[in-house]
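Structure record follows, encoded as structure tokens.
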Amino acid sequence: MSHEGLNRRAFLSALGYGVTRACLLGKRATWAQAAAVATPATSKPTRRVDHFEAFPDGSVACGVCPHACVLHDGEVGRCRARINRGGVHYALGYGNPCIVQVDPIEKLPINHFRPGARMLTISCGGCNLGCLYCQNWQQAQERPDQLKTFELSPREAVAAARKHKLDIIGFTYTEPIAFLEYARDIAVQAKETGIKIVVGTSAFVHPEPLLELARYADAFAITLKGFDDGFYQEVCGARLDPVLTAIKTLHERTRCWLEIINLVVPTYNDRMEDVSALARWVHAELGKDVPLHFARFVPLYKLTDLPRTAVPTLESACAVAREAGLRHVYTSNIAPHRDTNTYCDGCKTVVVERLGFKILSNNLRHGRCPICRRPIPGVWA
Amino acid sequence: MRRLHWSATARLLGGLLCLSGAMALVVLLPTARAGDRDWMVGSTPKAVSDWQEQAQAADELLSCLGLTRQQARALLPLIEQSAVVHIEDYQSTAELHDELVPAFTDFARQDSLNEGFTPDVERRTAQLNHQAKLAQEEKARRLLALEDQATELLTPTQRVFVEEFHPNRQRSAPPVDARGAVRRHLQAAAAQAQREAQRDELTEAQRALRELERPMNPTVGRVGNLLLHPAAADPLCRLAGVEPTHTMRGAAQVLQQGTPAHPIDRHREQQARVRCLRTEINNWNLINGLHLSVEQIDRVTRVYDATRPALAELKSRGRGPDARRDLAAAVLELETAVEQVLNRGQREVLAEYKACLIPPKNLKDPVRVGQANDSSQLERFLTRARRLTPQRTDAAIDELLAKETEHVGPLPASEQQERRTLLRKTIEDARRLSDVDFAIQKGELAARIARRDRVRELKTEIAALTHDRGLPGPISRFILQPEFIEQLRIRGEQLRRGPLAAGR
Ligand code: SF4
């Protein structure tokens, strides 16, 4: 974090928000300590992890994400979702999601993929990041086997979606990388029945496991937390480079629809220089048509002393991203706001008008602007 | 609410009389009243004028109501109790206002930044606001009970007369013969009421809304406000041929001068501040929820500024039919101009907007303004109810119905059984579903049992009718208000200063 950031934080504190760096540093230590925790004997791991290496001393090295946890017998990984049991690496929570519900696809957020569609959302406990502002900390920062869960095999998950006429299954709220094996197996089943798969992830994952899921997925909403490795390490307990690699991998090696989300945290990642760098990277590596969302921060979990993101900050971020050449830039988590609508890049007509998660109007004609006929990038049907 | 008991009231009165010393005693002496009035006007003009207005209204009402001495005597114990309610209410609201002002000030300050609230400020405001609501309800509840008893003492004709009584109207034409005035007034009122009832759906919808909202916000009627007000004690005592009691005189003193701890000047000032702060907070909530751009703000304020002189001129032309028609037309034109500035989402938010102090915090929905209509409460109810035993299910249903009555008004008796049956059946259906199926279907099930919100329906109907008839709607009510426009200008400046300056 830069010195400027610190000064602004101090300024904010003086205004009465009481943000103290010491307090946050204390909290940062909290997640780091969560790395290797002994598991109670009651856990029921149900599926082997695909990517790990077993050592003669009974330990395992996980190969799913760049944390590369080395776990002794009975230890769980940093994501709280994988366990070494007797020298074999297992996925905790496989078939036991803690969240099963129906959501509008806009909730991911994803704006250029079947607007207004409803999806069956499935997620399990755990996350390989430890964002201090986690928006779903009650599930994401818990072990999957210590939450109230459903019994739902991949086959049953797909059957449930079909039964309720939901043709999209989404993995979001917590981190699908923490339940990658389960997500992948559902996606495999879903593919056979024509159900689409959308994934909301932070993409802190090695390319191989990610591609195994992406092979069966249709869209990704990826949260790029910031464009500063210090921020990633300090606030999210991860690193920037592997995330950028994962996003590029998806872009280059799959046909999945991509949208990028940046949650703008006041005083942490709201410097316009960082926003600009992020937007320029998206433009250069992913292209001008990839939508970029700037989401409003709401104080939660361990960053409750911070204010919500100021709306002008989000608007400036949008302006900066447009200057960088991106065509579809959104604000999210605020409504009503003009930047939640989709505009034709040519004639600036509103082609999809939104109010929160609600579609007020969808004027697209076969994926094109109704006025100038310019195609709007996305998956519209 | 800090409710004082009789003994406490007596102590308070005793203390009051001792502490305020000779000055207070002088005020209490009827012979000294005229001279003291000058002194009081100088120090507490508003309070005194309020009191004088009340006293004048009571005088007028009693002069034409034709109460018998017996009726007047029967009313005296009620006015005595009403005096106690007023004294206790004064004390508790004065104390509460001292806390509300700083709390609301902090809340308004944070609200103006549109960056959420610090937990302590939010908690404190919510607590005090709740306390204020309870205090208000308690006062209304006690006065309503007295009002019921007082109404029983009046003849049907007198009851209607009191309900229809408008002090200013009567003042312009004082009745020569009280009974004749009552009769004439009643005939005119009945004819007018009939005309209005027949006139249109709008009146009907407004009446239905009032009826529906009455139990949710119990308000004291004219009998309680005029006949049982401590200012009516003097004329009523004269009519009854008795002297005002110690408590009645104490109430008169409290309502004109305040108490030693809370002098009336300061109390009025605090009351006014609380009112202003409430308006300011409601305005910020709406401004924060609308997310107007700088351009939109500029356009709205420009339209407002451009039409204000013309509106002022129209208003100054009085309340004649032509003046009212012209004013309504001008207001409608202004509303239309502002409506065109708003986008569809903003119009929708405004149409649904219900003023509230603390905006809803539903993280599932980014539209956070006014009082949200949230189906997740019913989802939670079903989630809980499907696990309950049949015996406890009924208790849960009772609880839900009570909450609904509180929030959306009571259900007509004819529909109560039907609703119970629907709730029971839906809970049964929810029980039969597997956990996964229930998780997927709970939204639909909740929608099935969502109670018809008659208040909302009527408001929508009224909004549509008023709009069709060129009458002012939510844009006039919420946006085209001087305070709102001023706050909008502040927001415009904040936005113009850019991200760093805007909120910090
Ligand atoms: S996926 Fe979990 S166990 Fe594996 S390396 Fe990452 S944090 Fe560790």
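All chains are named by letter (A, B, ...) in the order of the sequence lines, taking the proteins before the strands, and each is independently numbered beginning at 1. Keep in mind that the numbers below use all heavy atoms, side chains included, and drop hydrogens, waters and symmetry copies.
- Both the backbone and the side chain of A:Leu360 come within less than 4.5 Å of a heavy atom in chain B.
- Other residues, nucleotides and ligands contribute only 12 or fewer heavy atoms inside 6.0 Å of the CZ atom of A:Arg155.
- The CD1 atom of A:Ile122 sits 7.5 Å away from atom CD1 of B:Ile440, with the distance rounded to the nearest 0.5 Å.
- For A:Phe150 against B:Val436, the heavy-atom pair with the smallest separation is CD2-CG2, 3.9 Å.
- To the nearest 0.5 angstrom, B:Leu292 atom CG is 10.0 Å from A:His337 atom NE2.
- Proximity to chain B (any heavy atom under 4.5 Å) is restricted, for A:Leu166, to the side chain, taken from C-beta onward.
- Residue A:Arg338 holds its CZ atom at 6.5 Å from CD of B:Glu295, rounded to the nearest 0.5 Å.
- Heavy atoms closer than 4.5 Å to chain A are found in both the backbone and the side chain of B:Ser293.
- In this structure, CD in B:Gln441 is found 7.0 Å from NZ in A:Lys163, a value given to the nearest 0.5 Å.
- Taking all atoms of both residues into account, the shortest heavy-atom contact from A:Leu355 to B:Glu348 is CD2-OE2, 3.6 Å.
- Interface remark: B:Asp437 contributes backbone and side-chain atoms alike to the contact with chain A (heavy atom separation under 4.5 Å).
- For B:Glu461, the salt bridge (charged side-chain N to carboxylate O under 4.0 Å, His left out) test picks out no residue, with sequence neighbours left out.
- Counting non-hydrogen atoms of neighbouring residues, nucleotides and ligands closer than 6.0 angstrom, the CZ atom of A:Arg162 reaches no more than 12 such neighbours.
- When all heavy atoms of A:Pro336 and B:Gly345 are compared, the pair lying nearest together is CB-C, 3.8 Å.
- Residue contact with chain A, scored on non-hydrogen atoms closer than 4.5 Å, involves the backbone and the side chain of B:Gln346 alike.
- Interatomic distance, A:Thr340 OG1 to B:His291 NE2, rounded to the nearest 0.5 Å: 9.5 Å.
- Of the inter-residue distances, the one linking B:Asn288 atom CG with A:Arg308 atom CZ reads 8.5 Å to the nearest 0.5 angstrom.
- In this structure a side-chain-to-backbone donor-acceptor pair under 3.5 Å is missing from B:Arg344 to A:Glu353.
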